[in-house]
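Keep in mind that the numbers below use all heavy atoms, side chains included, and drop hydrogens, waters and symmetry copies. Since the model is a prediction, treat every value here as computed from it, not as a measurement.
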Amino acid sequence: MIVTVTLNAALDVTYEVERLVVDESHRVRSVAQRAGGKGINVARVLAGLGHDVTVTGLAGGATGELIRADLRAAGLPAALVDVAGDCRRTVTVVQREAPGATLFNEPGPLITPGEWDRLLRHLRALVADAAAVVLSGSLPPGVPLDAYALLVGLARDAGAPVVLDADGAALRAGVQAGPDVAKPNLAELRAATGLAELGRACAALRRAGARAVVASLGAAGLAADTAEGRWKAEPPLSVDGNPTGAGDAVVAALTAGLVAGRSWPERLADAVAVSAAAVHAPLAGDVDEAAYAAARERVRVVPW
């Protein structure tokens with residue numbers, strides 16, 4: 001079982017409009033909503049890849065009930081810790097005839113010290129039998145800035161490998177506890193290290209404690225700095241669509257490869273192909289299987 005932790009769960013609402021124009025009103029052509037937050041998106045992809053997953057984290061209020069209901073409907077086992085505050089919503093606006101997406105992310109509910117302690121006790125029991133633990137996404141207000149460092153240590157004490165996807169102070173604190181993989185995007189990597197050059201920034205994050213660093217480079221693919229070597233994985237072609245869940249798909253594929261014991265080049269090729277397939281799908285957390293199969297054969301992985 002793979003455990004994904006979403007401390008700041010959300011109800012993701014996606015609007016499709018003909019064209020997005022600032023300071024104008026818009027007619028929404030279609031609306032979709034589903035449980036989200038980065039860890040939940042990762043769990044959807046992992047389940048689609050055939051892995052047993054359990055979703056945990058914090059959820060509360062009427063929006064939290066909608067999140068739980070959607071997870072049940074999707075067949076995703078959930079063990080969320082209840083909190084008093086109402087979960088956040090995120091809004092993604094996609095244009096019908098244009099690539100990309102515009103996101104609006106609410107901060108999330110205020111978490112009390114008692115609720116945080118309850119989560120730590122809950123997670124300590126849950127990860128005892130975990131094949132891997134994924135920690136991803138933003139921290140809601142009230143959660144300590146070293147939250148991911150505490151959770152990495154908790155998982156490692158249980159013998160579970162950890163994949164961390166965070167940014168800012170949460171990433172800097174989390175890597176100090178020694179996650180097996182840290183997966184920032186390029187902007188997050190540069191912000192965390194203060195270094196613009198990719199190789200130096202990856203090396204700095206590894207010196208800070210991450211056992212391996214995989215940086216998302218957007219349309220250029222992935223760069224990995226690991227104890228076994230350094231590689232770049234390049235997608236075969238650009239993919240138009242909704243990129244919102246692409247990073248979460250990368251995390252899911254990297255976690256699946258870690259659990260299966262695949263080589264780093266295999267993990268990276270899978271991650272690029274799954275990411276491309278996620279962009280091709282309309283909603284974060286989904287993967288277009290035909291797009292994955294087509295991309296997987298053509299991903300180029302080279303020493304870096």
Side-chain angles (χ1 to χ4, degrees), residues 1-12 34-60 63-83 87-88 108 111 115-140 143 147-148 150-166 174 177 179-181 183 245 247-261 271 274 278 283-287:
M1 173 189 66
I2 298 172
V3 175
T4 72
V5 181
T6 308
L7 296 179
N8 208 4
L11 187 69
D12 288 346
R34 68 187 336 185
K38 294 179 74 65
I40 290 174
N41 294 338
V42 171
R44 288 187 193 276
V45 176
L46 283 167
L49 295 174
H51 291 270
D52 291 331
V53 296
T54 295
V55 173
T56 191
L58 302 165
T63 307
E65 288 305 312
L66 292 174
I67 289 170
R68 286 184 167 92
D70 184 73
L71 292 173
R72 286 193 298 270
L76 287 173
L80 295 163
V81 173
D82 193 41
V83 298
C87 280
R88 66 191 179 121
I111 305 303
E115 290 167 343
W116 174 244
D117 288 343
R118 208 157 57 239
L119 174 83
L120 291 177
R121 292 194 299 272
H122 170 77
L123 193 58
R124 190 171 287 111
L126 190 61
V127 302
D129 299 319
V133 176
V134 177
L135 308 172
S136 59
S138 62
L139 304 180
V143 168
Y148 281 138
L150 294 171
L151 298 184
V152 170
L154 186 151
R156 293 195 62 81
D157 287 346
V162 183
V163 178
L164 173 65
D165 182 11
D180 293 84
V181 182
K183 203 284 315 162
D248 302 328
V250 168
V251 172
L254 292 174
T255 305
L258 176 64
V259 170
V274 171
L283 298 176
D286 289 344
V287 170

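Among all heavy-atom pairs drawn from Ala155 and Val162, the shortest one is CB-CG2, 3.5 Å. Closest approach of Pro77 to Gly75, counting heavy atoms only: CD-O, 3.4 Å.
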Yes or no on salt bridge (charged side-chain N to carboxylate O under 4.0 Å, His left out) for Arg156 and Asp180, after CA distance, side-chain angles and deciding distance?
CA-CA 9 Å; Arg156 293 195 62 81; Asp180 293 84; 2.9 Å; yes
Run Leu120 and Leu151 through side-chain contact (heavy atoms from CB on, under 4.5 Å) and show every step you take.
CA-CA 8 Å; Leu120 291 177; Leu151 298 184; 3.5 Å; yes
Decide yes or no on side-chain contact (heavy atoms from CB on, under 4.5 Å) for Asp165 and Asp248, but give the supporting numbers first.
CA-CA 9 Å; Asp165 182 11; Asp248 302 328; 4.2 Å; yes
Report the C-alpha distance between Leu76 and Arg44 in whole Å, list the side-chain angles of each, state the deciding distance to 0.1 Å, and finish with yes or no for side-chain contact (heavy atoms from CB on, under 4.5 Å).
CA-CA 7 Å; Leu76 287 173; Arg44 288 187 193 276; 3.6 Å; yes
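Atom CG of Leu154 sits about 8.5 Å away from atom CG of Leu150, to the nearest 0.5 Å. Distance check, rounded to the nearest 0.5 Å: CE of Met1 to CG of Leu46 gives 12.5 Å. Note that OG1 of Thr56 is 3.0 Å distant from NE2 of His122, once rounded to the nearest 0.5 Å.
More than 12 heavy atoms of other residues, nucleotides or ligands sit less than 6.0 Å from atom CG of Asp117. At most 12 heavy atoms of other shown residues, nucleotides or ligands fall within 6.0 angstrom of atom CG in Asp129.
Side-chain contact between Val53 and Val134: absent, with no pair of heavy atoms (C-beta onward) separated by less than 4.5 Å.
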